[in-house]
K.L.:
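Shown below is the structure under consideration.
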Amino acid sequence: MHIPDGLLDPKTFGTAWVLGGAFVAYAVSKTNKELQERQIPFMGVMAAFIFAAQMINLPVAGGTSGHLLGGVMAAVLLGPWAASIIMTTVLALQAFIFLDGGVTVLGANILNMAVIGVFAGYGVYLLFKKAWPNRAGILVGTFVGSWVSVVLAAAACGIEIVASGMGQFNIVLPAMLTWHVLIGLVEAVIATAVVSYLTQVRPDLVQQTAKA
Amino acid sequence: MMRKEIGALLILAVVLALCVSPFASSFPDGLERVGEDYGFIDNATELIKSPIPDYLFPGIANEKAATAVAGIVGTLLTLGVAYGIGYLLKGRTDSGSDIGKQQKGC
């Protein structure tokens, strides 16, 4: 759901830049404090994996495809702040090097996929992890949180498009949600498989819940 | 030192970029589909000249090969940039401990 240039008007992409930018700036300072030195290579590899996996569009239904976003997967393994930085890095490279997502709307794509997608989905994950503090809780939380992350990012994307006068709320929003309810399942399956694999031998790879 | 599992994830990323990405679905994604159905995708424009537009490495006639090369270039570039950002963030922590104390003082 990378928004291309031309779909959002200046007031909408400007607002998104302010919100997304402020959040990422805060994420930089939080990552600065919370990321451990041994996690730096993992951060690089996670970003590389997300970039590669985002190239793999899988058909979902009716001639539409979807690909992994990966925000919740990264948040489960590296914490939500580092995940937000990772997603922002991937989105910026995609916009400037690969013409995937626009440059004026990069703030909106960051807001949708690196902020809303990461934190809303991670919040859901934490609920499961708290209620069910074992590996099953982590995996079910990753699955549900990943699905929620795609659905909410798509809702935000739809709202921005409607706010830019590109369509009607009661048409665009249900359409975005319908497709992304399906695409979210792709997200959930891949994210859970990766987290499951990485925690199979080393449960300590899961980021402990942030202290503050 | 990189853990074995993280190395495996990197290998998987390289395999996806090199061998799987050329065979990815070319169906529109969810947003493009909604944009096609309701007509707003026609407003999309290109504002900058991308070096590797649409994941096709320029100068390679075979589209699958061009995608594979774009994929591996992008994957390694992303690895480097994200690693660099992580390194810079941690570097700032070590030299920035004074700043942290100052903030506490305020």
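Residue numbers begin at 1 in each chain, while the letters A, B, ... track the order of the sequences.
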K.L.:
Taking A:Ala163's backbone N and O only, do any of them form a donor-acceptor pair with A:Lys11's side chain (distance below 3.5 Å, no angle check)?
P.N.:
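Side chain of A:Lys11 to backbone of A:Ala163: a pair is present.
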K.L.:
Taking A:Ile85, A:Ile161, A:Ile183 one by one, which has the highest count of heavy-atom pairs under 4.5 Å against chain B?
P.N.:
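Answer, by heavy-atom pair count under 4.5 Å with chain B: A:Ile161.
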K.L.:
Please work out which of the three classes, parallel, tilted or perpendicular, describes the rings of A:Phe23 and A:Trp81, given edges at 30° and 60°.
P.N.:
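Ring orientation, 0 to 90° scale: parallel.
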K.L.:
Taking every non-hydrogen pair under 4.5 Å, which of B:Pro53, B:Pro51, B:Ser21, B:Ala17 racks up the most with chain A?
P.N.:
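Of B:Pro53, B:Pro51, B:Ser21, B:Ala17, B:Pro51 has the most heavy-atom pairs under 4.5 Å with chain A.
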K.L.:
Please flag which part of A:Thr64 lies under 4.5 Å from any non-hydrogen atom of chain B: side chain, backbone, both or neither.
P.N.:
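Both parts, backbone and side chain.
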K.L.:
Say whether, by atom type as modelled, one donor and one acceptor occur between the side chain of A:Ser65 and the main chain of B:Phe27 under 3.5 angstrom.
P.N.:
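Indeed, once roles are kept as given, a pair shorter than 3.5 Å links the two residues.
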K.L.:
Tell me, for A:Ala95 versus chain B, whether the close heavy atoms (under 4.5 Å) come from the side chain, the backbone, both or neither.
P.N.:
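Contact with chain B involves the backbone of A:Ala95 alone.
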K.L.:
Who wins among A:Ala48, A:Gly6, A:Pro59, A:Ala47 for the most heavy-atom pairs under 4.5 Å with chain B?
P.N.:
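Looking at each option in turn, the highest pair count goes to A:Ala48.
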K.L.:
Is the distance between the ring centroids of A:Phe42 and B:Tyr83 less than 6.0 Å?
P.N.:
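No; B:Tyr83 has its ring centre 6.0 Å or more from that of A:Phe42.
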K.L.:
Report yes if the distance between the aromatic ring centroids of A:Phe119 and A:Tyr122 is under 6.0 Å, otherwise no.
P.N.:
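Between A:Tyr122 and A:Phe119, which both carry aromatic rings, the centre distance is not below 6.0 Å.
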K.L.:
So for A:Leu77, is it side chain, backbone, both, or neither that comes closer than 4.5 Å to the heavy atoms of chain B?
P.N.:
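Neither part, no heavy atoms under 4.5 Å.
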K.L.:
In the structure I gave you, are the side-chain heavy atoms of B:Phe40 and A:Leu7 within less than 4.5 Å of one another anywhere?
P.N.:
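In short, these two side chains touch, coming nearer than 4.5 Å.
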K.L.:
With respect to chain A, which residue among B:Ser50, B:Ala82, B:Ala24 yields the maximal number of heavy-atom pairs within a distance under 4.5 Å?
P.N.:
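Of the options given, most contacts go to B:Ser50.
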K.L.:
At a 4.5 Å cut-off on heavy atoms, which part of A:Ile3 comes close to chain B: side chain, backbone, both, or neither?
P.N.:
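A:Ile3 touches chain B through backbone and side-chain heavy atoms alike.
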K.L.:
Heavy-atom distances under 4.5 Å only: say whether B:Ser26 touches chain A with side chain, backbone, both or neither.
P.N.:
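Contact with chain A involves no heavy atom of B:Ser26 at all.
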K.L.:
Do B:Arg33 side-chain atoms and A:Gly62 backbone N/O form a donor-acceptor pair below 3.5 Å?
P.N.:
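The answer is yes, because a donor-acceptor pair under 3.5 Å joins these two groups.
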K.L.:
Heavy-atom distance under 4.5 Å to chain B: side chain of A:Leu93, backbone, both or neither?
P.N.:
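The side chain, not the backbone.
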K.L.:
Side chain, backbone, both or neither: which part of A:Val60 has a non-hydrogen atom closer than 4.5 Å to chain B?
P.N.:
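Nothing of A:Val60, per the 4.5 Å heavy-atom cut-off to chain B.
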K.L.:
Looking at chain B, which one of A:Met176, A:Gln168, A:Gln94 has the largest number of heavy-atom pairs inside 4.5 Å, strictly under?
P.N.:
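The residue among A:Met176, A:Gln168, A:Gln94 with the greatest pair count is A:Met176.
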K.L.:
Is it the side chain or the backbone of A:Ile86 that comes within 4.5 Å of chain B heavy atoms, both, or neither?
P.N.:
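For A:Ile86, there is no contact with chain B at all, as no heavy atom is under 4.5 Å.
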K.L.:
Closest heavy-atom contact between B:Leu10 and A:Val45?
P.N.:
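Answer, listing the atom of B:Leu10 first, then A:Val45: N-CG1, 3.6 Å.
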K.L.:
Looking at A:Val194, A:Ile97, A:Leu182, A:Asp100, which makes the most heavy-atom pairs under 4.5 Å with chain B?
P.N.:
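That would be A:Ile97.
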K.L.:
What pairs of residues pass the salt bridge (charged side-chain N to carboxylate O under 4.0 Å, His left out) test when at least one of them lies in residues 41-62 of chain B, not counting sequence neighbours?
P.N.:
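Those involving residues 41-62 of chain B do not exist here.
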